[in-house]
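Start at 1 with the first residue, then count along the sequence.
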Amino acid sequence: GKCFHPRSVAFVGASGTMGKWGHMLPTLTMSRAFKGDIYFVNPKGGEIAGHKVYPSVEAVPGPVDLGVVTIPAAGVPQLVPQFQKKGIPGMLLISSGFSEIGPKGKEIEEKLIDEARRAGIIILGPNTMGIANPHIKFYCTGTHVWPRPGLTSIVAQSGNMGTQLLAFAEKQNIGVRGFSGSGNEAMVCIEDYMEAFEFDEKTRIILLYLESVKNGRRFFESAKRISARKPIILLKGGQTKAGNTAAKSHTGAMALDADVFNAVCRQAGIIKVEHPMDMLDLSAAFSAVPPPEGNRAAIMTLGGGWGVLAADMCESGGLMVPPLPPDLVQTINELLPDYWSRSNPVDLVGEFDNELTMKTTEALLRWEGCDALINLGIHGRNIMLHRLVTSIKKSDPSYAHDFLDAVEKNGAAFERRYIEFAVELMEKYEKPIFGVSIFTNRDKTVFSVKGKRYKGLFYPTPERAVRAFSKMYNYRRFVNTQTR
């Protein structure tokens with residue numbers, strides 16, 4: 001607990017040299033407005049980044065909740081009695097040179113963990129890239145990524161993979177509850193993290209990147225219990241022979257049989273994904289929209305081809321694209337030109353009328369024959385509009401710039417209104433809207449609306465929207481079987 005909610009942190013092995021872990025971690029932590037006390041520890045003393053440097057942790061004046069250790073492996077065991085004396089409950093052990101380097105390192109690691117257990121000290125790592133808790137502005141990781149606070153907790157057995165997940169989350173506007181690079185998991189393993197998330201109120205979604213599991217039975221039982229309440233999205237490294245060899249070499253991990261592991265995931269309700277991006281796409285979906293109760297998709301598209309492709313993708317992903325009932329065809333007849341498709345997907349035939357777009361969206365979501373709406377190409381039109389206006393300004397002097405600016409402003413205002421409208425509809429009908437942008441110049445997929453529990457969700461491509469719907473639906477089915 002205190003490791004992720006520290007009121008004071010001591011950096012043991014603090015350094016004044018840019019690029020060293022002992023400099024990187026404290027400067028990042030201080031730069032993000034962390035409110036707790038920060039102490040620098042190095043036997044050389046002196047001053048670093050305007051802070052006094054203490055010769056040992058025992059010399060630090062105030063209490064310390066977490067010691068962040070970056071000194072070479074050989075010196076770490078003698079820190080345990082010092083931490084015990086000072087009453088420091090947690091050690092974030094960044095240093096490598098333990099079990100991942102072979103038998104000699106494993107021996108040092110085991111001895112260190114024995115001593116820490118006896119002293120009542122929790123060790124995270126070793127060989128980890130750090131931890132983060134955005135809710136208290138505590139970012140203590142090897143790279144400068146700082147996603148905003150949110151509902152998704154992330155644990156990665158690889159530092160670089162963890163960094164990438166945090167960077168994706170930051171760019172996509174997905175909030176993070178907490179993060180840990182679990183490193184060698186000498187003391188705290190993936191199962192421990194999962195059980196902590198189970199009781200953490202702020203964690204609603206769990207993301208795991210793993211290559212191995214210490215205790216298969218415990219992993220399965222914990223996951224099955226937790227999955228009934230919170231989705232666990234998992235990406236597994238080392239699924240092929242080449243991947244397995246690589247996994248062994250960098251975390252000192254034992255390989256897992258891929259078929260057995262897949263069966264465990266299926267039975268435990270774990271949402272297994274194949275790519276890092278899928279983890280974040282699903283995290284975005286679970287944090288932004290209500291879960292679909294069934295697998296029937298209504299598709300609304302700005303142009304025909306996109307709808308055809310999305311319908312194909314739905315069918316391949318185990319989703320249905322049911323035909324529109326006559327009364328709904330009649331309702332949409334009154335909105336769209338008479339050459340519209342009269343079928344699902346509903347093709348808006350390039351109509352740019354904002355009211356009409358909103359009315360069609362609601363008519364489809366209200367339809368009892370669908371469980372979710374996939375909406376292609378409404379979002380991102382304002383970028384196209386901006387380019388259209390820019391081209392006219394450059395080439396056709398007969399249009400006044402004031403008029404063109406107003407056109408552009410209206411386009412941007414509609415886009416914001418459409419996001420708010422989509423969120424209102426989701427709250428009204430408790431069905432998800434999976435959006436796809438026709439054009440995007442940034443990676444944001446989640447759009448918050450003030451005071452609302454759901455959010456706008458817009459992916460850059462249709463397959464990402466369909467995959468999110470499909471995986472969410474399968475997870476919903478698992479939950480329903482557990483709660484009966």
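- Between the side chain of Asn127 and the backbone N or O of Asn184 there is no donor-acceptor pair closer than 3.5 Å.
- Under 3.5 Å, the side chains of Ser222 and Glu191 contain no donor-acceptor pair of N or O atoms.
- Of the possible polar contacts, one joining the Gln157 side chain to the Ser212 backbone as a donor-acceptor pair under 3.5 Å is found.
- Residues Tyr54 and Lys52 form a side-chain contact, since some pair of their non-hydrogen atoms from C-beta on lies under 4.5 Å apart.
- When only modelled atom types and interatomic distance are considered, Thr361 and Tyr418 share a side-chain donor-acceptor pair under 3.5 Å.
- With respect to Lys431 and Asp371, no salt bridge is recorded, no charged nitrogen being found less than 4.0 Å from a carboxylate O.
- Between Glu420 and Arg416 no salt bridge is recorded (no basic side-chain N to carboxylate O distance below 4.0 Å).
- Shortest non-hydrogen contact noted between Leu28 and Thr141 is CD2-O, 3.3 Å.
- Taking the six-membered ring where tryptophan is involved, the planes of Trp146 and Tyr139 are perpendicular, since the angle between them exceeds 60° and thus also 30°.
- By the neighbour-count criterion of 12 heavy atoms within 6.0 Å, atom NZ of Lys272 is densely surrounded, having more than that number from other residues, nucleotides or ligands.
- Side-chain contact between Met18 and Met24: absent, with no pair of heavy atoms (C-beta onward) separated by less than 4.5 Å.
- With salt bridges taken as basic N to acidic carboxylate O contacts below 4.0 Å, none links Lys106 and Glu109.
- With respect to the salt-bridge test (charged N to carboxylate O, under 4.0 angstrom), the residues Arg218 and Asp192 qualify.
- Listed for the His23 side chain is no donor-acceptor partner under 3.5 Å among the backbone atoms of Trp21.
- The two atoms that bring Arg177 and His5 nearest to each other are NH2-NE2, 3.2 Å, heavy atoms only.
- Note that CZ of Phe4 and OG of Ser180 are 4.0 Å apart. Values are rounded to the nearest 0.5 Å.
- Scanning both residues, Val64 and Pro89, for their nearest heavy atoms gives O-CD, 3.6 Å.
- Using a 4.0 Å cut-off between charged nitrogen and carboxylate oxygen, Arg467 and Asp281 do not count as a salt-bridge pair.
- A distance-only check finds a donor-acceptor pair linking the side chain of Thr128 to the backbone of Gly130 [under 3.5 Å].
- Looking only at side-chain heavy atoms (C-beta outward), Ile206 and Pro231 stay at 4.5 Å or farther from each other.
- Counting heavy atoms of neighbouring residues, nucleotides and ligands inside a 6.0 Å radius, atom NZ of Lys214 exceeds 12 of them.
- Listed for the Ser158 side chain is a donor-acceptor partner under 3.5 Å among the backbone atoms of Met161.
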Please lay out, stage by stage, how Glu107 and Lys111 fare under the test salt bridge (Lys or Arg N to Asp or Glu O under 4.0 Å). CA-CA 6 Å; Glu107 206 178 304; Lys111 200 165 161 240; over 6 Å; no
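- Summarising the geometry, atom CG belonging to Leu166 is positioned 7.5 Å from atom OG1 belonging to Thr143; distances are rounded to the nearest 0.5 Å.
- Side-chain atoms of Glu100 come within 3.5 Å of backbone N or O of Phe98 as a donor-acceptor pair.
- Under a cutoff of 6.0 Å and an axis angle of 45°, Lys236 and Phe261 form a cation-pi pair.
- Ile232 places none of its side-chain heavy atoms less than 4.5 Å from the side chain of Ile271.
- Aromatic rings from Tyr475 and Phe286 are positioned such that their centres are separated by under 6.0 Å.
- With salt bridges taken as basic N to acidic carboxylate O contacts below 4.0 Å, none links Glu415 and Arg381.
- For the residue pair Thr461/Glu463, the side-chain donor-acceptor check at 3.5 Å is satisfied.
- Ser437 and His379 share a side-chain donor-acceptor pair at under 3.5 Å.
- Contact record, Gly294 with Phe469: O-CE1, 3.5 Å, taken as the closest heavy-atom pair.
- Here the side chains of Pro6 and Ile136 are in contact, with some heavy-atom distance below 4.5 Å.
- Salt bridge Glu430/Arg453: present, at least one basic N to carboxylate O contact under 4.0 Å.
- Lys86 places a side-chain N or O within donor-acceptor distance of the main-chain N or O of Val60, the cut-off being under 3.5 Å.
- What you find for Cys140 and Leu92 is that their closest heavy atoms are SG-CD2, 4.1 Å.
- The CD1 atom of Ile190 sits 13.0 Å away from the CG atom of Asn215 when rounded to the nearest 0.5 Å.
- Of the N and O atoms on the side chains of Gln172 and Thr445, at least one donor lies less than 3.5 Å from an acceptor on the other residue.
- Gln164 and Tyr209 form no side-chain donor-acceptor contact under 3.5 Å, judged by distance and modelled atom types alone.
- Shown here is Arg7, whose CZ atom has no more than 12 heavy atoms of other residues, nucleotides or ligands within 6.0 Å.
- Scanning all heavy atoms of the two residues, the minimum distance from Met426 to Leu365 falls at N-CD2, 4.3 Å.
- Tested against Glu198, the residues Arg225, Lys230, Arg204 include a single salt bridge (charged side-chain N to carboxylate O under 4.0 Å, His left out) partner, Arg225.
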